[in-house]
Amino acid sequence: VAWLEALKKDHEYEDMIRAASLGLERLPARLQIRSKIADFLGEAAVRLKKEDLIDRSLMEALRADPCLERLLDALDNSRSSEKRKAILDETLALVETFRKKEGGSRTWEYDRLPDFLESDVRGNLGLYCHLLKGDYENAAVLLRKSKPLGWSSGEDAGGLGVPFFLLAKW
């Protein structure tokens, strides 16, 4: 990341793309550092107006750091409804994969360097995907699994699901 920062400071965007692409090829999928590298790739791609690399960087960042902000960035940049649906489907598959692996939790090793920490899927990303797709049946299934009390916490599906369904009168 320090090398990418130096390249950015020197406005060496082609070299940033090469270095970031190499880093993304070599690093394991769940590492948090991949999202930072993807951000540098995206910044260089924007500067050089390389649309395909912008798409790639947004998806790499989403895969490495699955969260609502990165999902919305990828959706905003997509140019068709089919592409948006594909992004939502891929994110739902990613959420499911993370949840199945180790119960959805990170591997905590206190002697690990920060660059080698694994990502975790945050809270309600699956619920957000279902609601954005208009898949209210599966969103309701996730909501049924939420706690009856304390649903206003950020990690419980009820925090968004209950107000959504009350407002929608669904």
Listed partners of K8 passing side chain to side chain donor-acceptor pair (under 3.5 Å), at least two apart:
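Scan of K8 (side chain to side chain donor-acceptor pair (under 3.5 Å), adjacent residues dropped) gives E43.
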Run the side-chain contact (heavy atoms from CB on, under 4.5 Å) test on M16 and L41 for me, step by step, so that the C-alpha distance in whole Å, both residues' side-chain angles and the decisive distance to 0.1 Å come before the verdict.
CA-CA 7 Å; M16 275 177 67; L41 176 64; over 6 Å; no
Cluster question for you: counting only ILVMFWY and a side-chain heavy-atom cut-off of under 4.5 Å, with indirect links fine, are [X] and [Y] together?
| X | Y | result |
| --- | --- | --- |
| Y128 | L167 | no |
| V141 | L92 | no |
| I54 | L4 | no |
| L160 | Y136 | yes |
| L132 | F165 | yes |

So does L27 get a backbone contact from the side chain of R34, meaning a donor-acceptor N/O pair under 3.5 Å?
yes
Taking the side chain from S78 and the backbone from L75, do they hold a donor-acceptor pair closer than 3.5 Å?
yes
Could you tell me the separation between the [atom1] atom of [X] and the [atom2] atom of [Y], rounded to the nearest 0.5 Å?
| X | Y | atom1 | atom2 | result |
| --- | --- | --- | --- | --- |
| L68 | T91 | CG | OG1 | 10.5 Å |
| K85 | C129 | NZ | SG | 11.5 Å |
| C67 | D73 | SG | CG | 8.0 Å |
| N77 | K83 | CG | NZ | 9.0 Å |
| L24 | I33 | CG | CD1 | 10.0 Å |
| E137 | D135 | CD | CG | 7.5 Å |

Do D65 and Q32 make a side-chain contact, defined as non-hydrogen atoms from C-beta onward lying under 4.5 Å apart?
no
Beyond-backbone contact of L7 with F40, side-chain heavy atoms, under 4.5 angstrom
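A side-chain contact under 4.5 Å is absent here.
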Which heavy atom of [X] sits nearest a heavy atom of [Y], and at what distance?
| X | Y | value |
| --- | --- | --- |
| L125 | L71 | CD1-CD2, 3.9 Å |
| L62 | A74 | CD2-CB, 4.5 Å |
| I37 | A20 | CG2-O, 3.5 Å |
| A45 | L53 | CB-CB, 3.6 Å |
| A61 | A38 | N-CB, 3.6 Å |
| L127 | G161 | CD2-N, 3.9 Å |

Does CZ in R26 sit with more than 12 non-hydrogen atoms of other residues, nucleotides or ligands closer than 6.0 Å?
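Open: at most 12 neighbouring heavy atoms sit under 6.0 Å from CZ of R26.
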Counting heavy atoms not belonging to E51, are there more than 12 under 6.0 Å from its CD?
yes
Pair [X] + [Y]: basic N to acidic O under 4.0 Å:
| X | Y | result |
| --- | --- | --- |
| D52 | R56 | no |
| R47 | E12 | no |
| K36 | D39 | no |
| R79 | D55 | yes |

Start with the C-alpha distance between R70 and L58, add both sets of side-chain angles, then the distance that settles side-chain contact (heavy atoms from CB on, under 4.5 Å), and finish with yes or no.
CA-CA 7 Å; R70 293 195 184 276; L58 291 170; over 6 Å; no
Under a 3.5 Å threshold, yes or no: a donor from one side chain and an acceptor from the other, between Y13 and H11?
yes
Given side-chain contact (heavy atoms from CB on, under 4.5 Å), test D89 with K133 step by step and report yes or no.
CA-CA 9 Å; D89 289 340; K133 280 178 63 173; 2.6 Å; yes
